[in-house]
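So the structure is just underneath, and the comments pick up after that.
Note that the coordinates shown come from a computational prediction; the quantities given were computed from them, not determined experimentally.
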Amino acid sequence: MIQGGFDMTKKIKTEEVDRISDLPELIVHHIFLFLSFKEIVQTCVLSKRWEKAWHLHPVLEFDGTIFGRDLWDPYPYNYVKLKEIQNRRLKLFNCLEQILRIRHCREMTSITKFTLEVDIYNDVEFMSFVERCICYALGSNVKKLKLKFGFWHGLFNLPEIVLCTKSVVVLKLRNCYLKLPRSNMNLSSLKKLSLWNVYANDRVIENIVGGIPLIEEMSFRDCKGLRSLDLFGLDRLVDISLVHDFELKRVSIKALNLHSFEIFAPTKLYEINVDYCKNLKRLSLDGISIKDEWLCNLVPKLQLLEYLGIGSCDDLESVKISCPTLKTLRISECLNLVELKIDTPNLSVLRYWGDMISFSSNALALSNIDIELNPKKFDTEWYIKYIELVAQLHHFSDSLVLDVSSGEEVMVPKNLRHTLSSPLSTGKHLFLEFNKEPLSLTLPISNIVDGLLWILPHTENASIISSLVYSFEFSYKKDLIYEGKTASCCKSLPISCWQHCIKEVTFEISCTRFLNESDRQTRSYSLEGADILEKIDACCAIARSDFR
């Protein structure tokens, strides 16, 4: 039968197309990057081509997805269970080692990244397996090497060969013990070095530094044995981070191209020298023993500095900072600080956490202010200084963020409100964020709103962030009309108080428990007329009940 020019009696044969097998090898290896090693191995059932592809994949990551806890049960139920665990563990070791050995012996392909993350146990068989895996990976010219070990049974003794491998570009070590190798250290290709909870004495680090001419980033965290660190002759070094290195007492860096230096020393660091880092743009000093004079003399030498962070430096009392390039300044929890003077005309972001201080600035470009005051007690003197400080800070910006713990910080007593002027006569945005747990409010929202609107009487927006987010918008009457006269409470003020010129309040209450925007619960309200504060409390009570 012929219909429409086609013979319908003939069966149309279609060849099955194996699109999975036809994928370009480059695409297959890109897919592997999103899978764990265990999942990559499982793809071999798709086709022979995929089986060959995973054998050639240049990324090998042996992590917790392979070394499960079930392989290390320290208290098996019986002898049979113990033998079963040991056999399974031995088979896994042999399989992983064979993968590395085949690559190394056949020179199939170089390894771009090798990761080994596993808990260390007092098991001779296991320790020997780990050392062989590392040696095979290094023999395959690995570029990125990450070794992370559990430390319940002590630090892992790193094989000497790791510190004498020219191919490694990125080296990350965690929970290792480093010792001086018999041959010269040579990490001539290394660009990034990360040591976390590593034991290495001054001599070991000195030898490492001497063999890494291309190093760009260095990070030492929770390292032991390191007391003095000298970095010089590293022309490509741009970033260094020293965090929680408890035994470190002295740091000296001479790196002309260094852009970022971070140090957090929870114990006394007696000497630090970065005077020769002329291109430094970002400097963070936390927990170190520095004096007012030292800081005052250092900052002007860093003529490209854009970010300066100072935290928990309790020897500081009167800080004077002069830097025309500085854009962001963070000062936090310096317990004895009483005065801050900044000559920073291009400063745009100021973040301060601590007790009340005397403040002066010429930061004409300041646009973002975040302050968190931690008073020992709330009294009249504190509130007066608080009002003065807020007035000074807000002189530079239309937006102010206040971090508070209880809300009392914004609750200026009524008797002071009648004798003092509102600190912020102009401004559009005011943000109040509760930073202590629990985040639920103990004060009525109306009290907090009233306190905020006394601080900034004609603000357009105000946000209160706690367990719920309250976002307010305010509109005001153009002319103040109150029974045909100026309200008595406004006569002594430069501007009218908010209660006698408010026109409308619209606000939104959101439940922050829901991270997805589609699941977010929100309630919106619009209020006007008398008794605004009482209406706000009533709406908030309804919203909180709905969110339960």
Side-chain angles (χ1 to χ4, degrees), residues 263-272 283-302 305 307-324 326-345 347-364 366 368-397 400-406 408-413 416 420-421 423-424 433 435-436 455:
I263 182 166
F264 178 29
T267 55
K268 293 293 184 181
L269 180 68
Y270 295 106
E271 182 180 345
I272 179 170
L283 176 63
S284 292
L285 306 170
D286 290 88
I288 62 177
S289 181
I290 56 176
K291 303 292 185 181
D292 299 341
E293 184 179 0
W294 180 88
L295 184 63
C296 182
N297 292 334
L298 171 66
V299 174
K301 297 176 183 178
L302 308 177
L305 192 64
Y307 174 94
L308 176 61
I310 303 170
S312 302
C313 297
D314 295 340
D315 290 336
L316 293 176
E317 297 178 1
S318 178
V319 171
K320 299 178 177 65
I321 297 172
S322 178
C323 183
L326 196 64
K327 296 180 180 179
T328 300
L329 175 62
R330 170 188 60 84
I331 297 182
S332 59
E333 299 178 335
C334 297
L335 298 181
N336 295 308
L337 185 65
V338 295
E339 182 182 35
L340 174 61
K341 294 182 178 180
I342 53 177
D343 178 14
T344 54
L347 189 71
S348 60
V349 178
L350 173 64
R351 297 188 175 97
Y352 174 76
W353 298 273
D355 206 346
M356 191 65 64
I357 59 171
S358 172
F359 173 81
S360 63
S361 170
N362 68 338
L364 303 178
L366 196 58
N368 188 321
I369 303 172
D370 186 343
I371 62 174
E372 177 184 333
L373 298 176
N374 301 309
K376 298 176 182 177
K377 64 177 181 177
F378 297 103
D379 55 21
T380 299
E381 182 181 358
W382 186 89
Y383 277 114
I384 291 174
K385 290 183 178 179
Y386 170 68
I387 292 170
E388 293 174 351
L389 177 61
V390 171
Q392 283 180 294
L393 291 173
H394 203 65
H395 173 72
F396 304 102
S397 173
L400 178 64
V401 178
L402 300 175
D403 288 302
V404 300
S405 56
S406 66
E408 288 186 71
E409 295 89 333
V410 299
M411 301 302 297
V412 178
L416 289 179
L420 299 174
S421 298
L424 311 177
E433 182 166 357
N435 52 49
K436 299 289 178 64
I455 293 174

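Between Tyr386 and Trp382, the two ring planes are parallel [angle under 30°; tilted spans 30° to 60°].
Distance NZ/Lys385 to OG/Ser358: 9.0 Å, rounded to 0.5 Å. For the atom pair Ile455 CD1 and Ile387 CD1, the distance stands at 8.0 Å (nearest 0.5 Å). Atom CG in Asp355 sits 10.0 Å away from atom CG in Leu337 (nearest 0.5 Å). Atom CG of Leu340 is separated from atom OG of Ser361 by 8.0 Å, given to the nearest 0.5 angstrom. Atom NZ of Lys327 is separated from atom OH of Tyr307 by 14.5 Å, given to the nearest 0.5 angstrom. Separating the CG atom in Leu335 from the SG atom in Cys313 is a distance of 10.5 Å, to the nearest 0.5 Å.
At a threshold of 4.5 Å between non-hydrogen side-chain atoms, the residues Leu329 and Thr344 do not count as touching. Side-chain contact between Ser284 and Asp286: present, with at least one pair of heavy atoms (C-beta onward) separated by less than 4.5 Å. Proximity of Ile310 to Cys334: side-chain heavy atoms (C-beta onward) are separated by under 4.5 Å at one or more points. Side-chain contact between Leu389 and Met356: present, with at least one pair of heavy atoms (C-beta onward) separated by less than 4.5 Å. In this structure, the side chains of Leu373 and Tyr352 come closer than 4.5 Å at one or more pairs of heavy atoms. Under the 4.5 Å side-chain criterion, counting only non-hydrogen atoms from C-beta, Leu298 is in contact with Leu283. A 4.5 Å side-chain heavy-atom check between Phe359 and Leu350 finds at least one atom pair inside the cut-off. The side-chain heavy atoms of Ile288 and Phe264, taken from C-beta on, include no pair separated by under 4.5 Å.
In this model, a donor atom of one side chain and an acceptor atom of the other lie less than 3.5 Å apart for Ser332 and Arg330. In summary, the side chains of Asp314 and Asn336 do not present any donor paired with an acceptor at a separation below 3.5 Å, with no hydrogens or angles considered. A donor and an acceptor atom, one from each side chain of Ser289 and Asp315, are located under 3.5 Å apart. Donor-acceptor pairing under 3.5 Å is lacking for the side chains of Ser322 and Lys320.
Residues Cys323 and Leu302 approach most closely at SG-O, 4.2 Å, considering heavy atoms. Pro324 approaches Pro345 most closely through the heavy-atom pair CA-CD, 4.1 Å.
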CA sep, side-chain torsions, deciding dist, call: Leu285, Ile272, side chain to side chain contact (heavy atoms under 4.5 Å, CB included): CA-CA 10 Å; Leu285 306 170; Ile272 179 170; 4.1 Å; yes

Side chain to side chain contact (heavy atoms under 4.5 Å, CB included) between Ile290 and Leu316, intermediate numbers included: CA-CA 7 Å; Ile290 56 176; Leu316 293 176; 4.1 Å; yes

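Put simply, the side chain of Asp292 never gets that close to the backbone of Val319: no donor and acceptor are under 3.5 Å apart.
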